> 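Please read through the structure below; I'll follow up with questions.
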Amino acid sequence: TPKQKPPKFNVEMAVGMTFYNIEKVTKKIGIKKDSEKFIVVSSIFKKFNTDLNQVKRINTFLFSEAETKIMRAQKESFNTRDYTMFRKAYKEVTTTFEPIVKIVEEKEKELDKKIEKVLTTKELKKWVKYKKNIKKR
């Protein structure tokens, strides 16, 4: 039987980063491409994605360090069947990420505020539903 591989650690997911596909989002919300609103909403999402990319870029070293630490601990735990090292590494990384998580959450709040001003109640409902589904993954 082939050896089961441990799941890959995704740093972006760990800090709650979600980059939105503008085409998909606007389609899900129900905004037509040829409308004024599309331009406004697109620019809001472009700015958000750019901001997140900047956060990611600033923390590149931290992210790759964390990924290495987690992967090493994961491999070790996987081989020894002792998950204490993995849990310890995960806790360390999570603590390191707390300030980044806060920044990402702030950016998400800003995004929601900007989007709320532009969307109708119906579109807003669709946006909230779409966002919830994406965050679940």
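Remember, predicted model here, so these are calculated numbers, not experimental data.
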> To the nearest 0.5 Å, what is the distance between CD1 (Ile44) and NZ (Lys113)?
13.5 Å

> Quick check: are there more than 12 heavy atoms from other residues, nucleotides or ligands sitting under 6.0 Å from NZ of Lys135?
yes

> Same cluster or not: Val15 versus Ile58, using hydrophobic residues (I, L, V, M, F, W, Y) connected whenever any side-chain heavy atoms lie under 4.5 Å apart?
no

> Is it true that, when you exclude Lys126 itself, more than 12 heavy atoms of the residues, nucleotides or ligands shown sit nearer than 6.0 Å to its NZ?
yes

> Judged by atom type as modelled, is there a donor-acceptor pair below 3.5 Å linking the side chain of Thr26 to the main-chain atoms of Ile31?
no

> Side-chain heavy atoms nearer than 4.5 Å, only ILVMFWY residues, links allowed to pass through others: does that put Phe19 and Phe97 together?
yes

> Do Phe48 and Ile39 land in one hydrophobic cluster if side-chain heavy atoms of ILVMFWY residues count as linked below 4.5 Å?
no

> Under 4.0 Å between a Lys/Arg side-chain N and an Asp/Glu carboxylate O for Glu76 and Arg81?
no

> Please find the pair of heavy atoms, one from Ser64 and one from Thr68, that lie closest to each other, and give the distance.
O-OG1, 2.7 Å

> So which atom in Lys69 and which in Ala89 form the shortest heavy-atom distance, rounded to 0.1 Å?
CG-CB, 4.2 Å

> Minimum heavy-atom separation for Ile22 and Phe45, please, with both atom names.
CG1-CB, 3.7 Å

> Same cluster or not: are Met85 and Phe9 linked, directly or through other Ile, Leu, Val, Met, Phe, Trp or Tyr residues, by side-chain heavy atoms under 4.5 angstrom apart?
no

> If you take all heavy atoms of Glu12 and Lys56, which pair is closest and at what distance?
OE2-NZ, 2.6 Å

> Nearest 0.5 Å, please: how far is CD1 in Ile70 from OH in Tyr90?
6.5 Å

> Atom CE of Met17 and atom CD1 of Ile103: how far apart are they, to the nearest 0.5 Å?
8.5 Å

> Does Lys107 offer a backbone N or O that forms a donor-acceptor pair with the side chain of Asp51 under 3.5 Å?
no

> Quick one: CD on Gln74 to OH on Tyr83, what's the gap to the nearest 0.5 Å?
9.0 Å

> Out of curiosity, Leu119 CG to Lys114 NZ, how far, rounded to the nearest 0.5 Å?
13.5 Å

> Looking only at atom types and distance, does a side-chain atom of Asn21 sit under 3.5 Å from a main-chain N or O of Lys24, one as donor and one as acceptor?
yes

> Does a side-chain heavy-atom distance below 4.5 Å link Ile100 with Leu62?
yes

> Provide the closest heavy-atom pair for Lys37 versus Val118 in the form atom of the first, atom of the second, distance.
CE-O, 3.3 Å

> Quick one: are Trp127 and Glu116 in side-chain contact, heavy atoms under 4.5 Å?
no

> Please determine whether ring pair (Phe, Tyr, Trp, His ring centres under 6.0 Å) holds for the pair Phe86 and Phe78, giving the CA-CA distance in whole Å, both sets of side-chain angles, and the decisive distance to 0.1 Å.
CA-CA 9 Å; Phe86 176 68; Phe78 210 72; 9.9 Å; no

> Would a 4.5 Å heavy-atom cut-off, applied to side chains only, mark Thr18 and Glu108 as touching?
yes

> For the residue pair Asp112 and Lys131, establish whether any side-chain heavy-atom pair is separated by less than 4.5 Å.
yes

> Mind checking the OG-CD spacing from Ser42 to Glu23? Nearest 0.5 Å is all I need.
8.0 Å

> Applying a strict under-4.5 Å side-chain criterion to I, L, V, M, F, W and Y, I'd like to know whether Val93 and Met13 cluster together.
no

